[in-house]
Structures are given as structure tokens and as C-alpha cells.
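Here is the structure we will look at.
All values below were derived from every heavy atom in this structure, side-chain atoms included, with hydrogens, water molecules and symmetry-related copies excluded. Numbers restart at 1 for each chain; the letters A, B, ... are given by sequence-line order, proteins then strands.
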Amino acid sequence: MKAQIAWLREMVDLEGITEKDIIERMTMTGTNIEGVESVCDENQGVIIAKILRIRSHPNADKLVVCDVDTGDKTVQVVTGAPNVQEGAKVLLALPGAKLTGGIEIQATEFRGVHSEGMLCSFEELGYSKGVIPREYTDGIVLLPEDAPLGQEFLEAYGLCEGVLEAEITFNRPDCLSMFGLAKEFSATFEREAHLLPHADFSAFSKGDVKVEIDEEICPAYMALEFEGVETTPSPFSWQLRLMEMGVRPINLLVDATNLTMLYSGSPTHAFDQDTLGPDGIKVRAARDGEVSETLDGVTRKLRDGDILITNGEHIIAIGGIMGGKDTQITDQTKRVLVEFATFDKKQIRQTSKRLGLRTEASSRFEKGVESQRIALAISVFMHLMEGRYTSVKLSGILKKTERDPVFMRYARVPVLLGITLSPEEIKRLFDRIECRYEEETRGDEKGLLVYPPSYRSDIQIEADLLEEIARLYGFDNIPSTLPVLNKPAMQYDATLKEWKLRELLWAMGTDEILGYSFVSPNSVKRLGLDDQEPLMLLNPLGEEFSQMRPSLLVTALECLLSNQKKGAQDQAIYEIGNVFHREGEQMMQEKKLSIGMLNTGDFYVLKGMLETILDAFGAKGTFVPGTSPFYHPVRSADVVVDGEILGSFGVLHPKLASAWELDGEVVLAEIHLEHLFARELPETVFVPPSRFPTATRDIAILVDEKVTHEQIVNVMQEEGVPLLTKVELFDTFTHSSWEGQKSMAYHMTFGSDQRTLNTEEVEEIYDRIYTGLQRQLQAQRR
Amino acid sequence: MKEQLKEIQVTFSQRLREVNEMQALENLRVEYLGKTGVLKEILRGMGKLPKEERPVMGAHANEVRDALEEAIESKRQELKDRQLDAKIAKEWIDITLPGKKIQMGHPHPSTLTTRQIIDVFHSMGFVLEDGPEIDTVANNFDALNSPPDHPSRDLSDTFYFDEVNLLRTHTSPVQVRTMMKQKPPIRMISIGRCFRNDALDATHSPMFTQCEGLVVDEGITMGDLKGTLEQFVKLLFGADTKSVFRPHNFPFTEPSAEVDITCFKCKGAGCRFCSGSGAIEILGCGMVHPQVLEYCGIDSERYTGFAFGMGIERVTMLRYEIDDIRYLFENDQRFSRQFRR
């Protein structure tokens, strides 16, 4: 909300209060001042001058030469402005003056004619094109005749104080008006506000217009009928004020409606009454398929529920959003009907959003305009129109709204805010926001029964009043304390485990990545995942963000690919994140870990990493041939822990590798974390190392190439109990001439924690192991 | 004979000086001290000496022998040292060649921020709670006193799956879940991914990470809210960090506040990170709205509480001077590898 400081000073006594005070103190009572802008920041030395004579330029058709009275001398100025005229008061930037954009005016020559300065437009003063009156958009500013000759323009018209940009929170739509802000200034600085009273309807002649409303969508509708008005430009001071407030001046009537809205917060609309017909005003909900041309010349398609203002037959406005083209004020308008109404905020928001049409009016109505504001708006409008009409009448419907008072217990102030205030101090704070109150005791609790002013629709319950006390007392005056810890802090178990996992992954050289939870369905397809029930967003940002990812591998592959394209040939990455899928009506999500490696490791490196992780979590994993379709059919495995598949890993399936256009060796893993984290972390129990020496023997055998390491070790352990303490593979070898055979070589360690083994014992076990391998796996010694 | 010995010593010394390799030294040793060496030859002539001179001369000859042996030994050591020096000299390596590093992984910067925040809150007695990314309209909005017509519920603001399920827009639903399952005292934080229907640009992302906290107990006041958060920002950003609590409005807290802290880059002097203001807006907070407590089955007469929230990305971006939020989700290796644990 913009607020011209000069206007605020007219409404509230702010004597001695500086811009700095305003920013600091208003922010601390809840109106965050986001900035202050002033045309004076960049403009200097622009004076009010008068055109005495205009002569043609000897060398240019489009330029003229003017003699201009600056108040103490006459200077010659060349201009190309089409609207320059003799006798007009204008804005003159003399040499040395500064204009918006860092321009400094100098005396110069235009096509051989000397020019002592420049005649200025509003745009040159820094006003945006959108707020400049149409008659001035292509020309210089023409001031009223009474403009004080020779004075600095911005100072003479009080434009140097600037305009505040105030952030208005959702609960305070009443502050989307100068009235509401003035009340806040008054409460903050404890200064008197001088505001117009709400209109007394009994003082008006009763109008002839029959008003029919649907209270659901339009709780109140009042109409002022003026006769004998003239559509002239509004006074220059109105125009300047509107421009400062960011609204383009149009004509007297429209400007009056806009100033009324800015002052009161209640948007109003003026119709040419002669275009309305005899049947009065009827407010109703639209039906699908109706259309209406709004005053911006666009034909709008309407839907069920849109709020329409009609004359009983035709649509004359889209209620609360924009008036119709056929009924707008023109230069010929003599009789005017001005609408003062409130509308259902939810419907206004929906319609405005759907039509893509957000106006000053709709942006207020969608936040809620409290109906008693209409009486204020009527008062403001009448004040502006004083002496500018021959007769006025009032009709319409505005019900008095009664609000329940709110009971606030004194005892809740220290409980919630941690401060102790006396009843008198509390009352003084409520006085500042114009709440009436009376002492009341309920049960054994003393407090105040508070009647908030009608415009404070945000005050509904006790907590709302406590908030008022806190902000007026000042958050910075509330002493800081620390809450008593009634329960020791327990570290969340899964967090500990997640950090443990992250530390391991860090130590193993993987970089952490972070992917969006939603991905492109195309990427899911490219992963070869046939998701029968994809979990799709109803309103995604775009196709590429539309499906909840069913696997972290989508992100991993996208990451490997995008980095490879940028030249990263070696990558090792991991991510901890959720994956999603649908199970009937249920939407499931589960935390997983993914690891991806490009040219930094093979199947066995990745397996080793997983084994390290399992070890750290005290889990014993078995590795069985992989079942997941993402991987190379015979170079992948599933990790089984406690009979459940914990995850899968392996070499990326060659088909996927080419579909993803990845060059190099890619291995991937995806692991369920909930199952892993559900395990108790292993406790270390110390076992004293044996004091007796161990014996080692090596064995090298030839077996069929499909015999696995696991099979061999199983036989060795079976035969070697209890003295075989360790088996280590140290070599595997095949030779082309061996035809389906391979050599496997192992170090075996024998020992006992009771005694030293003798050679005969060791030889005996060694033979037993070898015989076992021979018998069970048809192994031959090499 | 004495003269002979003397001469042997002199010649030996001369010869020894000329020796500069092991084999020559050995040859010299054999020539003088060997079984048929010069010294042995002399000693053989001892028999010709008068009986009384023999012991004297014998002792003298032994002294000479010891001296020669010692000289040879010392020469041997000298040659060994010289050999080693020569060997060492040949073993020169370029110590400026790169070391064989063990490649550590790199954490995501947001994870670093998250870790630090968890540690700070843990030190203050908070536990971490987790919740789902897909949650319900009830948990995300209704329970949190969000008005039915609040714009944040719009399709243009929130991602929906259907009328009931959505992607949470903040981590507050975790607070709701915690309050529903657990009686006060409650002292928790939750950190997680949140989603809003914002197009991706330098300052917006449809996915972001939020950290929120909640304290509910008997006797919790707004003073406790201030004290706790003041302590938090000091622990996270430095002991000289000051906080300003500005009134604000959120549906789920009342009173509500936004917290500005002293800019940790310029210490309040004003720089480009704080747009010259010397302060950075970092937290939203407030006293839990009584309707939120009641919705979650907590007696708002007996218990009071406060809640707060902040954006992990915002803190991360400020701390590392990252000027575009997209870096945090692009997973570019050249970005990731700049962050160390």
C-alpha cells in the first residue's frame, strides 16, 4: 500500500515526527515500511514559469521558441512540446537544474537557436507513464493559473515528503486505506487523527433507484445519484495526489471515486445514470456463458457465480472488479450514479484470478471490505464533490452490523506474553486503538469486555487482543527468557543413523547431490520403469516436474549425464531422499539411498562400499543374483539382510546406458533406508586376541568357472571348524586353454585360543579341507 | 725395526689417503694386515731381536697394527658414507608433484547448514522429528488455522494430488503430527523438503528446505520465544549477533513476528547481502495460536507454546554468498566439490 506522507500529515498530527521515526516505529507496531520514494530525490531546480510569447523556429518546423517569465527575468527556451501555449504556467528546468536519471540541464542551441533551459513533462520528473494524465502524456505540464510564479514546483506543491510503501499483512485489510493507516499512525505515535466522520444517511434525500441485492454475494449496496455534474479534469492538486499514490487521473468523477477508495479503502464506481435505464440496480450471480464488455474494451466470458451488477436486463459491471463499457462516464455525462458496495471476497478473488483482471478495487475486495466502510466512503465522496453538483439523493441497502465484544482476562497477559501490566496500562493500550471496554468478571477471572471498532474485523478472540497488547507495548520491551527444560533432549535415533551413513559416504569419496522430488515422466520411462500407477501432480509447474519420482536412480542418472556433458568424466555421487508410489488409494513414500559411479569403480568397488555400510550398521548381508531391471542381468545383485531385500546394485543395463547416452562404466545402487535404520547399531564387545601363534597355509585349486567364491569358502569353513580362523582370497586366474576352468588361491589361517597347534594337526585339517573341496566341488589342486 | 715400523706407518698413511673405493681399501688391508702382509713380515723378524727388546717392540708393533686397523675402519666408514650420499643424491624426487590423495566426498552445502542447525537446537534440548512430503490439506492448512479462502491454498500456490493430498508447503504439518501423538512438554524441530508452485528463477524454487521448531509446555511465554531464538542466532551466526522482532501475521501464531538479525557479513555496517540495511530477515515466529493447540488436542488454557521457521536455502545462500538458488539443485560437480565437511 502506497501512502503519501503529506496526506498522512493532513490526517494525523505528526508534528516533529521524521521519516526515520515513521519507518522505525511503524515497523515495530506491525506496519512494515518497505521503502520511501520521493520525486525530490532526483529532481532539483524545476521552477514554475510563464510562457509570454511563442515564435516559430527559423530552422525547424517541429520546434518553437518561447519567451518565458521566470518571475525575475525573461529567458528564451526552445521546445518541441505540441501543447505549449501563450500565457500558460509551465515547469521550467533552468541551466543547473537536475532531472530524473541524473540529467543536468545546460544552456544549449537547438538548430542554431539558443535555449536557456527546458520545459518539462511529468515523465521527465520521474513519474511512470501509467500514472500521467492522458492530456500530458505527450506534452509538457500545464499548471493552473494560480501556480506561484518563480517558485520551486515540487516544494510549492508539497511533493518532497515522498510516498511510503507499507507492507500490509493478511489480517489487516483495513490498512489498505489512508483511513486505516492514519488510525495506525495515531495508535503508534499516540497523536490525534482528524478524519472525516461516517456519513449520516438521514441527512440525504431518498433516491428513486430500486436496489435489489443477493446478500450472499453482495451484503451491502448504496447508490448516490448526482445531477448537474460536469466531466471536467479534476483539480490539479487531486491529480498530483493520485499520481503520487500510483493512480492515473482521468476526470473529476473518476478521480473522486479513486480518491474515495484510497481514503476509505472502499472501492466505488461511477455510472452514467442516463445509460442505466429505469429499472434500478440488480446484483446477481452470473450464469455460464454470459459475456460482458468491460471499460477496457475487452469482452469477458463469465461463469457461474461471478458477481454481476445489472440494470435488471443488461450487465453494467462485473461487481467489485470492473465497470462496463456502455455505462462508463463520458464527457457528455450529466447524471451520475455512484456505487458503494461490498462483495463476497472469495468470489471476487476467484473471478479476478480467472479473468486475469486484478484492479485496485478487486485487490481490496478480495481481502475483505467491511460493510460499514461504505458510510465512510460516502462521506469522503460527498466531501470531494462539494459544490460540484446541483442535487444528490441516496438509496440502497446497508444493514447495521453488530459485533460481539471480546472478553480478555488480565491473567492471560503474563501467561502468554511474559510481562505484567496493570489493568490501567492495558486500558491505555486499548485506548490507542480506539477499543471501547468495560470491566468484567467471569467466574473468578477478572478482565475487560472489549468492543473493537467496526473496521478491526481481525479482532475476534482473546488472543487477538493479546497480540494488540504485545505490539503496542513493543516486542522489544518484552524481556527475553529461556524456557525451563522439563525433559532431557533425546537425539532422534534415525538422525544419528543418517549422519553416520553420510559420514561413511563422505569418507568413501561420494559427493552428495540433491534432486527434486518430482521428475519428468519421460525420465522415468527412460529408466525402463513401467510404473502402472504413476503418482502425478494435479497442477505441476510443467511436464518436467509432474511425476513424483519412483526411484532415486532417475536423479542419479540425470546428474551423471549432465555432469558428463560438462566434461566431468569421473563421478561418484550419492543422495538420500524419498521415493514415491501409489498403492491403490494410498500414496506411499519411502526414504532411500542411491549411489552412482561413473568411471570411478566397478561392481566390486560398489559392493565393497555396500559391505562397509552394512558392517557399520552391524548387518550381515547376503548377495543374490539381481532381480532389478535397471542393471546388467548378470552383473548385478540384490542385498538381502534378515531375509529381506535391502536394495539392489550393479552395472547399469547396457540398454539403459545407451538410452541415457552415458559413456563409460556406470554402476548404481539403491538401498531402502528405513529397514537399515530400524536396526540397533552394533555394540562393540571386546574379545581378547589369542596369545598363541597361528599357522598359515595357502591353497590353490582348479574348479569349474561357475563355481563361486562363496561355495568354496562355505566348504572350507565347514571342513575347517574349529581351527580354521580366517580365509582370504588372494588370486583368481583363468587361462584360455583351461576350457571352463579357473584357478582360485586362498590364504588360510589356523589357530586356537587354547594352545599352539602342531604341524601334524594343521596338515590334517588342510587335507580335510582339500578333500572336501575335491568331493563337493570337484576341485583339483594346482 | 722401529724405523721400519715408522716407515710402514708413513707409507700406509700416504697409500690410504689415495684410496677412494671399497675394493682398493680391501687390497690395502690385505697388503698390510693380511696373513702375508707387510706387518706380519716385520713381526716375523722379531726373533732376531735381543730377548729384552722383544716385549717392547712387540707392544709397539701391536700399537702400529691397531692404528692401521683403526685407520682402515675409519676409511671404510668414510667410503660407506660417501656411497650412501651418492645413492641418496640419485634418489632425488620432485616433491612438488601432486600427492596421492584419498578422494573424500563433498557434502551438499544445505546439508552442512542443516547439520549445524540440528546441533545448535540439540544443545538447547530440541529433538528432531520427521514427517512425510506428501501430506493432507487437513495437516497442512486446516490444523494450522489457515482461513479457507487463504490465497496460499490456491492451485497457483500449492501442489495438489487431489482434494485431500498435497505436497506440504511448510514443515508445520510435522508439528501438527507431533502434537497429535505426544502430550507436552514438546520441544522439537523438523527439517525437510517443502514445495510451492513457484517457477524456478534465481530466487525461487518449487522445492526448498525448511526448518521449523515448536515448544509447548506449561508457562511458555513470548519472552521464552525471544530468548530461545536470540540464543539460537548467536550460536549459529556468532555471539555478537543481535535480533529484532518485528510484528507480523501468520495464521498459526498470535502474536506473530519476523526476526531480523545483524548481517553476519558486514556486522551491521550495511553491505550488498543485506541491501545496505545491516540486517537480514531470517525467521518467522510467534506464539502458537490457541486454535492450533485445540485442533491438536492440547488444552490451550493449560499449555502455551511458540513456533518458528526458517529457510535452509536462504541461510546457506547467505553464508556461502551463493547468488542463485538454482545452483543448489543443479548438482553440478564444479559446484558440489567446493564444499568441505
Side-chain angles (χ1 to χ4, degrees), chain A residues 27-30 32 169-171 345-346 349 415-418 463-464 466-467 470-471 475-476 478-483 485-492 494-495 502 505-517 535 537-541 545 559 563 566 568 571-572 578 580 587 589, chain B residues 103-108 110-111 115 118 122 125-130 132-134 149-151 155 159-162 165 185 187 193 197 199 206-207 215 217 220-224 226-228 230-231 244-249 254-255 257 287 289-290 304 328-329 331-334 336-337 341:
Chain A
T27 296
M28 290 311 288
T29 55
N32 189 18
T169 52
F170 184 78
N171 61 330
K345 58 181 179 178
K346 195 165 183 185
R349 195 158 62 85
V415 165
L416 195 77
L417 305 178
D464 300 326
L466 291 164
E467 175 177 55
R471 74 179 181 102
F475 284 5
D476 44 352
I478 296 175
S480 299
T481 49
L482 282 174
L485 188 58
N486 286 324
K487 200 170 62 170
M490 303 293 289
Q491 183 62 283
Y492 180 57
T495 327
R502 287 183 190 280
L505 288 158
W506 164 68
M508 292 190 294
T510 51
D511 298 332
E512 185 187 3
I513 63 162
L514 206 159
Y516 288 105
S517 296
L535 191 42
L537 279 168
L538 202 63
N539 56 331
L541 254 187
F545 294 125
C559 173
N563 278 305
K566 290 174 199 156
Q571 297 176 53
N578 284 331
F580 306 84
M587 294 174 198
Q589 50 203 318
Chain B
Q103 184 68 50
M104 292 290 180
H106 298 79
H108 194 280
S110 294
T111 302
R115 175 81 229 208
I118 290 176
H122 186 235
F126 286 73
V127 298
L128 186 76
E129 298 282 353
D130 202 5
E133 290 172 38
I134 299 177
D149 60 340
H150 199 280
L155 283 164
F159 293 116
Y160 287 89
F161 293 97
D162 48 41
N165 296 289
R187 195 180 281 214
R193 295 171 180 217
N197 205 338
M207 184 177 91
V215 173
D217 202 350
I220 297 294
T221 68
M222 192 148 173
D224 293 333
K226 283 184 67 188
T228 303
E230 279 164 2
Q231 183 77 9
V244 175
F245 291 73
R246 281 186 285 107
H248 199 71
N249 172 249
E254 187 162 39
M287 300 304 291
H289 198 286
T304 48
L328 297 172
F329 302 106
N331 298 318
D332 188 325
Q333 195 184 62
R334 296 164 301 176
S336 320
R337 294 209 164 163
R341 197 186 159 283

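The choice from B:Ala257, B:Pro290, B:Gly227 that makes the most heavy-atom pairs within less than 4.5 Å of chain A is B:Gly227. The residue among B:Arg246, B:Gln231, B:Arg334 with the most heavy atom pairs within less than 4.5 Å of chain A is B:Arg246. Comparing A:Gly418, A:Pro483, A:Gly30 by how many heavy-atom pairs each has under 4.5 Å with chain B, the most go to A:Pro483.
For the 3.5 Å distance criterion, the side chains of B:Glu133 and A:Asn578 qualify, holding a donor opposite an acceptor.
Distance alone, capped at 3.5 Å, is enough to place a donor-acceptor pair between the A:Asn563 side chain and the B:Asn331 backbone. Side chain of A:Arg349 to backbone of B:Asp149: a donor-acceptor contact under 3.5 angstrom is found. The backbone N or O of B:Thr111 lies less than 3.5 Å from no partner atom in the side chain of A:Glu512, so there is not a single donor-acceptor pair. Looking only at distances, a side-chain donor or acceptor of A:Thr481 sits under 3.5 Å from a matching main-chain atom of B:Asp224. With B:Asn249 contributing its side chain and A:Thr169 its backbone, the two residues share no donor-acceptor pair below 3.5 Å. Using a distance-only test at 3.5 Å, with no hydrogens or angles considered, no donor-acceptor pair links the side chain of B:Lys226 to the main chain of A:Pro479.
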Inset, instruction - Output, in order, the C-alpha distance, side-chain angles, deciding distance and verdict of side-chain contact (heavy atoms from CB on, under 4.5 Å) for A:Val415 and B:Thr221. - result: CA-CA 6 Å; A:Val415 165; B:Thr221 68; over 6 Å; no
Legend entry - Derivation and outcome, side-chain contact (heavy atoms from CB on, under 4.5 Å), residues A:Asp476 and B:Phe245: CA-CA 7 Å; A:Asp476 44 352; B:Phe245 291 73; over 6 Å; no
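Checked options B:Arg337, B:His108, B:Gln333; the residue passing with A:Asp511 is B:Arg337 (criterion: side-chain hydrogen bond (donor to acceptor under 3.5 Å, both in side chains)).
With a 4.5 Å cut-off on non-hydrogen atoms, B:His289 touches chain A through its side chain but not through its backbone. Residue contact with chain A, scored on non-hydrogen atoms closer than 4.5 Å, involves the side chain of B:Asp217 exclusively. Looking at B:Met104, both its backbone and its side chain come within 4.5 Å of chain A, counting heavy atoms on both sides.
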